[in-house]
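These notes are about the structure you will find just below.
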Amino acid sequence: MKIVKILILLCFLAVGCTHSPETSVSAGRTPDIFPDYKEVTIPFNIAPLNFRVDEDTRGIIVKVSGKNSSFEIRSPDASLNIPSKKWLRILNENRGGSVEIEVSAESGGVLRVFDPFRIFVSRDPVDEYLVYRQIMPGFQNWNQMGIYQRSLSGFRTETIINSKILPGTCMNCHSFALNNPDNMVIHLRESYGGTMLYRNGQIEKLNTRAGTMFGSAAFPYWHPSAKYIAFSVNRVNQIFHATGPHRAKAIDMKSDVFVYDIENNKMLTSSTLSSGDKFESFPCFSPDGKKLVFCSADSVKLPEKFESVMYSLLSVSFDPATGAIGEMADTLVSAFKSGKSVSIPRYSPDGKYIMFNFADYGCFPSYNPEADLYLLDMTTYNIRPLDQLNSNEVESYHSWSSNGRWVIYTSRRKDGLYSNPYIAHIDENGNTGKPFLLPQKDPSFYDNWLFSFNVPEFVTGKITISPYKIEKAAKRSPAVQVTPGSGH
Amino acid sequence: MGINKESTVGRLFLPLLCLGSFLFFGIFYEQHIYRQEQLQLFELTWKYLLISFTSNGGLVSYLGEFLVQFFHLPFAGAFIITLLFYISARITRLILLKVTLKTPLLIFYIVPPVAYLILLIDDYYLLSGLIGLLFALSAALLYLKSMGIKQRILMGIGFIILVYWLAGGAYLVLLSVIILSELLNRIGKQPQKTPLPSGVLLFFVLIAAAIPFIAREYIFRDTILQSFLSGSYYKICILFPLPLIFIFSSFPLCILFQSLLSESVFYRYKGVPYLLTIAGIITAISASIILISDFKEEDEMAYENLVYREKWGKIINKAEIQHPVSNISMTAVNLALANRGELSSKMFSFNQNSNSLFPVYIRKGMTPFIASEPFFHCGMINFSQMFALETIESTPDARYPSRSFRRAAETFIINGQYDIAKKYLIPLSHTLFQRKWAIETLSLLSDKEMLNKNPYWSAKRALVSKYDFYYDAAKMDYALQAVVLSNPGNRTAYEYLMANCLLKKDLDGFLRYLPLAKRMNYSALPLSWQEATVYIATRIQRIPEEITGYSINDNVFGGIKDYAKLFSAEKIDTALIKEKFGQTYWYYLHFSN
């Protein structure tokens, strides 16, 4: 016991004896930090926004202040690691307000005190988990792919399925009904190819290539009733640039849209969704389940004219009772009029907006550096760019939180190659806050991480199915064969 | 021969095997050994060490990678492998001695370690596995040395868990040695030890069976097979490693065999069974080496490794001694010739084919390192990057290949994408042999002015095409033309462009690009171009105007006349044509597939 006491005393002495700067001066500006969390809007239940101070410094002191309380963190280097409990407590106390971050950096015996910056704390919570695919930015090969879930109030990441468990299998297109972790679909290709449908605690493997479909179903979107899933079937080619930082392009050589009727195990379609002379892709149901929107382009000679493929946003009626698909499509956003190509339309949960990507051509925005996020107001049909969310680099896949107040999207803005996840607040009028990069325990995480975040989706809780159950179902052969049906 | 103690032959056998191992891996299989270092990226950091403890077998993987770094040095790999083999053989010998108390039959101790040594000839088995085996054998020896029941129970449980976690699958060897020694103890083979109760032995087995399941449920996610074996032993986790299982089984089998075999046989027939055993082992070793080793691949790797070290002269010398036949080797030879400015003059001295400039990319197994090289040296940086990244993502064990990391970093620097380049440079800066280069390059990245003035990087940047085009393996002439027109100083690309036309037998293309020779400052036409030109002249009945300003050597004119005589003979004597004109473009044009 005596030894313990001596050790504790020594520790206190050591802390007390750390070098104190002789003078302190005001820097007269806010510090350069990475990630840029200055003036961002965050949910009160988000993990600590750890950051690195990109200033000449030997150590930092950071004061986090709320309305009624504050705490201070000292770091012997430029990286800040905020204690989770203190962080979540101060956010909780300041819902609807802001917290102030004051950074002091020591260098050469001088303590430079930077102007404080604010972080706005929204009253709107974000869903508990984020599901994403982790993939290297390669071309055709992969050996470390995986779908993971990350707790958003902490840093814990768990495997849903990955290449270790299913070697040689490409896994993608995970999707959830109304952000519900209990209704999930994952598409597998190559070694154990098939569509994994997880519902009511049961998982089954489907062979979704039914009737005259030219491929298996991909790019899914659940019907709000969780009785249907709309898919597009795409034949995608990649081409590679010889010069410049943007190395590749993806071309949709052929595509159609189908609706899978889960209860009756039928793949429904109609000439509106699967026309021979058009490409149809990226379907999305409206929150009331009565509309199905999708992207559509006139087919052209490919790959020669791939830069002239322009997708419009169309809408057809859908009858959830019968699965009937409307025969007339309305044009919501015309590629002809806008001069831009639409992809990845996503209805807000309240049905007031559709967020989508605009690019110069094509329907795979992650390959188009000019691709940006736009918002279509479903009451006025006005379109506006989400300037606060966009950058000079690619903005691509996006999804809404279950309460419709947060969106997560991928952007290559950091280096032009790796897709990173950004979260932004969006209010009931469609106004956005400054987005923030998904926080990590190590602020330098994104500098060293060799993977892209792909298809980020919010889910309201943890996915409880074991990866081994998915593995077992994936290895099951034959898969349940989906039968063709008619959407008329 | 005396057999009451280990014979002289027996004592010499292990050192002789060590010598054989050193020579085999140091001389005959050195390219395979050298390449292993390129296939991993060992970071000498605390973080990397700590990560190794998060999965079963992680520590031996860490140690294995640490040692494999030194395979970069001549004979270091052979020495390390041989040393580990020697230690494992000595420990195995001690274990057999401890369990069976019989000296004369000790020669069998050599079988399992030799089997593992032979397994290492196969690229898919890892050095870390041998280290894992050493962990398990050392733990087994410590266990066998302990006498008390309580001590043995605690050691048994502790070692099974510890070896499982640190060394992966070799814990099964430990378990089998423990169980077998205890069973032999029961039948009175070790009278001085009190046997452990059966329940304890069963408990050991249950622990060994349960921990992989517990670990994969609560600590890591992996397949059942990998949860037992770990990734420290072999690279392709989807395959069942039967040879490894045989080797693991051979340890208890050797103990059993030695215990049950009667010593009287050896006494009765003096040294004959002993010598026969040694002869049998040597035969088995020889047969296994012949079956497992791949000397064709060794030769290809020699070329690939020389390209890695940019030893162009050595590549050409090697090819001149024995003409390579494989595409990978020919890609290396052509690249070396182009870098020395000799491609157009010497290329038909070797066995060319239409794919020997750029290796055909087949999505099967790992993308070869060399796939990226011709593009890099010709200035098609994005394509070089594409293949470097493909290689990173196609290693069978998902380890990062340091060689491709370096190439990827270089391509990102050339493209001006410094943040991305740093992602690849930082891990390289933690390695032993890439460290210096990576740190120097990182410091250049922080000073853009210095980087832009740096002769290496500015020369590489000057090679990049000003015109964009798309990758198409079937249209490399368009790609090369764009690169050449962007930089008339890019002779490597021009040599490739002309060689590509000749190899594809595209004489229109050859004539189209021939006038560029003046812009590229050729003072004379290289031999293969002269041969192609006079051949064209025979077809169009005149010397093509595209060669204006250049002359054709009289020998070439004379040569084609002689060739034409043989070629237009009523009965073509192919062998004679090959003998006389096998190294001309005309022969390639008419006789290559």
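Throughout, a chain's letter reflects where its sequence line sits, starting with A, and its residues are numbered from 1.
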Problem - Beyond-backbone contact of D415(A) with Y418(B), side-chain heavy atoms, under 4.5 angstrom - result: no

Fill in the blank from the handout: dist Q238(A):CD -> M386(B):CE (nearest 0.5 Å) comes out at 9.5 Å

Practice task
Please check if atom NZ in K475(A) has more than 12 non-hydrogen atoms from other residues, nucleotides or ligands closer than 6.0 Å.
Solution key: yes

Exercise for the section: Heavy atoms only: give me the nearest Y400(B)-F451(A) pair and the separation to one decimal. Expected result: OH-CE1, 3.6 Å

Practice task
Without swapping roles, check the side chain of K422(B) against the backbone of D447(A) for a donor-acceptor pair under 3.5 Å.
Solution key: no

Practice task
Flag yes if more than 12 heavy atoms outside N392(A) fall under 6.0 Å of its CG atom; otherwise flag no.
Solution key: no

Problem - Separation between OG of S466(A) and CZ of R216(B), rounded to the nearest 0.5 Å - result: 7.5 Å

Handout entry: Donor-acceptor side-chain pairing of H241(A) and D468(B) below 3.5 angstrom
Key = yes

Problem - Non-hydrogen side-chain atoms of D419(B) and Y446(A) separated by less than 4.5 Å - result: no

Problem - Contact listing (chain B partner; residues 143-150 of chain A; heavy atom under 4.5 Å) - result: N143(A), Q144(A)

Problem - Side-chain (N382(B)) to main-chain (G244(A)) donor-acceptor, under 3.5 angstrom - result: yes

Exercise for the section: Find the one option among M136(A), K249(A), R247(A) whose heavy-atom pairs under 4.5 Å with chain B are most numerous. Expected result: M136(A)

Completion exercise
Greatest number of non-hydrogen atom pairs under 4.5 angstrom with chain B, of N448(A), T159(A), L450(A), falls to L450(A)

Handout entry: Derivation and outcome, side chain to side chain contact (heavy atoms under 4.5 Å, CB included), residues V464(B) and T243(A)
Key = CA-CA 7 Å; V464(B) 176; T243(A) 60; 4.1 Å; yes

Practice task
Kindly indicate whether the side chain of K164(A), heavy atoms from C-beta on, has any atom under 4.5 Å from the side chain of F220(B).
Solution key: no

Practice task
Answer yes or no: does atom NZ of K448(B) have more than 12 heavy-atom neighbours from other residues, nucleotides or ligands under 6.0 Å?
Solution key: yes

Practice task
Give a yes or no on whether K38(A) atom NZ has more than 12 heavy-atom contacts from other residues, nucleotides or ligands under 6.0 Å away.
Solution key: yes

Practice task
Flag the one option from Y471(B), Y467(B), Y470(B) with the top tally of heavy-atom pairs under 4.5 Å to chain A.
Solution key: Y470(B)

Fill in the blank from the handout: Nearest heavy-atom approach of R221(B) to Y468(A) is CA-OH, 3.3 Å

Exercise for the section: Would you indicate whether Y124(B), at its atom OH, is surrounded by more than 12 heavy atoms from other residues, nucleotides or ligands within a distance under 6.0 Å? Expected result: no

Exercise for the section: Could you tell me whether the side chain of T223(B) reaches within less than 4.5 Å of the side chain of E471(A), counting heavy atoms only? Expected result: yes

Exercise for the section: Specify which of I238(B), V483(B), I236(B), T395(B) makes the most heavy-atom pairs with chain A at under 4.5 Å. Expected result: T395(B)

Practice task
Any chance you could measure W142(A), atom CH2, to E390(B), atom CD, to the nearest 0.5 Å?
Solution key: 10.5 Å

Handout entry: Which portion of F387(B) sits near chain A, non-hydrogen atoms under 4.5 angstrom
Key = neither

Problem - More than 12 heavy atoms of other groups within 6.0 Å of F240(A) CZ - result: yes

